[in-house]
Amino acid sequence: MLRPVVDAAISLGVSFGAHVDALATAYTSTSTAYVIPGVAAVIEIEQQRAAERSATALAAFETAARNAGISYQCRSIENLPEQAASALGDAARLYDLTVVLQPDATLDSFDNTTATQVLLQSGGPVLFVPHIFRGSFEPKRIGICWDGSRLAGRAFRDARDFLSRADAVVAISVDGSQVAPAEATGQKLVQHMGRAGLAASLIELPAEHPEIQPTILSLAADENLDMLVMGAYGHSRLREGILGGVTREMLKTMTVPTLMSH
């Protein structure tokens, strides 16, 4: 499941001429210490396996980065799961963009919560790459999910480097007349982008709250979009990421790489 993130990150490094750091986590599952005899031996084995997984992931990235000729660095963060996730969130604050794999909704694992913690703690944009993604990532048709909120505005600004390179930009306003403030409607967004030299079209769709996420993904398929941009609703409580409904469902069912900002 490493390939989608490697492909996307390497592509971005090449197209933007950017330095790319690969960070991998190596941690133990704290539950093993409570249910299996010989705790010390079990932890040692699990630590070894985690270290091996981390090394394998970084080696795969390094091979791809070296072949692509980009500037890169690899390192592993070894700690307990909560601390490792927090450390990744801290590290992400230094970067223009963080690329992570779509969480797997079928698994209750620390890997899934790590991606959420990075989103909520990094203070910057996070690009979620779907499990089904393969090949180079060069977004030419981009959809902006717009409701006129602070988070949507932040995601829009965070995506400016992508938008300036796109062939087509679609502002997607779902039930915008009922949600967006008068001074931040989808129409005003399109006008603003036009003044900045970013040609964009506006698609306004009616949808009840439970239908927002499937409506957006259906439109993404119809418009052949290869990237979505959206604000991510949520908060961190007791070190556990709590996401809003649309954000959570989008992460479960996403079909194209999605840049989220919190």
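Below, all heavy atoms of this structure are taken into account, side chains as well, without hydrogens, waters or symmetry copies. Position 1 is the first residue of the sequence; numbering continues from there.
Partner of L219 under the side-chain contact (heavy atoms from CB on, under 4.5 Å) criterion, chosen from L228, L205, V174: L205.
Here salt bridge (Lys or Arg N to Asp or Glu O under 4.0 Å) pairs that include residues 250-262, with residues two or more places apart or in two chains, are E249-K252. Residue pairs meeting the ring pair (Phe, Tyr, Trp, His ring centres under 6.0 Å) criterion with at least one member in residues 3-25, sequence neighbours excluded: F16-F162.
Listed here is the closest heavy atom pair of T25 and A84: CG2-CB, 4.2 Å. Across all their heavy atoms, A115 and V100 have their closest contact at CB-CG2, 4.3 Å. The two residues I172 and L225 make their nearest non-hydrogen contact at CD1-CD1, 4.1 Å. Nearest heavy-atom pair, Q102 versus F128, reported as atom, atom and distance to 0.1 Å: CA-CD2, 4.4 Å. Shown here for S261 and R154, the closest heavy-atom pair between the two residues is CB-CG, 4.0 Å. Residues L259 and P125 come closest through the heavy atom pair CD2-CB, 3.9 Å.
Considering only residues two or more places apart in sequence or on other chains, A87 meets the side chain to side chain contact (heavy atoms under 4.5 Å, CB included) condition with I77. Every residue meeting the side chain to side chain contact (heavy atoms under 4.5 Å, CB included) condition with D226, not counting sequence neighbours, appears here in chain and number order: P139, K140, R141. Checked against side chain to side chain contact (heavy atoms under 4.5 Å, CB included), S122 has the following partners two or more places apart in sequence or in another chain: A92, V118, V126. Applying the side chain to side chain contact (heavy atoms under 4.5 Å, CB included) test to V6 and every residue at least two apart in sequence or in another chain returns L2, R3, I10, F61, A64.
The backbone N or O of T215 lies less than 3.5 Å from no partner atom in the side chain of S218, so there is not a single donor-acceptor pair. Judged by distance alone, the side chain of E204 and the main-chain N or O of S173 form no donor-acceptor pair under 3.5 Å. Not one N or O on the side chain of W146 forms a donor-acceptor pair closer than 3.5 Å with the backbone of Q187. The backbone N or O of E183 lies less than 3.5 Å from no partner atom in the side chain of T185, so there is not a single donor-acceptor pair. Judged by distance alone, with hydrogens and angles left aside, the side-chain atoms of H262 form no donor-acceptor pair with the main-chain N or O of L119 at under 3.5 Å. Judged by distance alone, the side chain of R157 and the main-chain N or O of A152 form no donor-acceptor pair under 3.5 Å.
Rounded to the nearest 0.5 Å, atoms CD1 (I203) and CD1 (I216) are 11.5 Å apart. Interatomic distance, H131 NE2 to L101 CG, rounded to the nearest 0.5 Å: 4.5 Å. In this structure, OG1 in T247 is found 9.0 Å from CG in L120, a value given to the nearest 0.5 Å. Rounding to the nearest 0.5 angstrom, the gap separating the NZ atom in K188 from the CG atom in L202 is 13.0 Å. Atom-to-atom distance recorded for R248:CZ and T116:OG1 is 10.5 Å, nearest 0.5 angstrom. If you take CD1 on I142 and CD on E223, they are separated by 13.5 Å, rounding to the nearest 0.5 Å.
Taking 4.5 Å as the limit, every side-chain heavy atom of M230 sits out of range of all side-chain heavy atoms of I144. With contacts defined as side-chain heavy-atom distances shorter than 4.5 Å, the pair P257/P130 qualifies. Residues M260 and L151 form no side-chain contact, since every pair of their non-hydrogen atoms from C-beta on lies 4.5 Å or further apart. Considering only heavy atoms from C-beta on, T258 stays 4.5 Å or farther from L127 through its side chain. Taking the side chain as every heavy atom from C-beta outward, R160 and L198 approach each other to under 4.5 Å. By the 4.5 Å heavy-atom criterion applied to side chains, T253 and Q213 are counted as neighbours. Here the side chains of E138 and R165 are not in contact, with every heavy-atom distance at 4.5 Å or above. Contact annotation: the side chain of R134 approaches that of P4 to within less than 4.5 Å [non-hydrogen atoms, C-beta and beyond].
Side-chain polar atoms of S136 and S11 form no donor-acceptor pair below 3.5 angstrom.
Under a hydrophobic-cluster definition in which Ile, Leu, Val, Met, Phe, Trp and Tyr are linked whenever side-chain heavy atoms come within less than 4.5 Å, directly or via other members, M227 and M193 are assigned to the same cluster. Each of L58 and I70 belongs to its own hydrophobic cluster when Ile, Leu, Val, Met, Phe, Trp and Tyr are linked at side-chain heavy-atom distances under 4.5 angstrom.
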Worksheet item: Is there a side-chain contact (heavy atoms from CB on, under 4.5 Å) between Q121 and S86 once you walk through the steps?
Response: CA-CA 8 Å; Q121 295 183 26; S86 180; 3.8 Å; yes
Practice prompt. Determine, step by step, whether Y72 and D21 satisfy the side-chain hydrogen bond (donor to acceptor under 3.5 Å, both in side chains) criterion, reporting the C-alpha distance in whole Å, the side-chain angles of both residues, the deciding distance to 0.1 Å, and the verdict.
Written response: CA-CA 5 Å; Y72 71 92; D21 281 346; over 6 Å; no
Worksheet item: F133 and M254: side-chain contact (heavy atoms from CB on, under 4.5 Å), yes or no, with the steps?
Response: CA-CA 10 Å; F133 179 83; M254 64 195 314; over 6 Å; no
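In this structure, R75 places its CZ atom where only 12 or fewer heavy-atom neighbours from other residues, nucleotides or ligands lie under 6.0 Å away. Counting heavy-atom neighbours within 6.0 Å of D96 CG, excluding the residue itself, gives a total of 12 or less.
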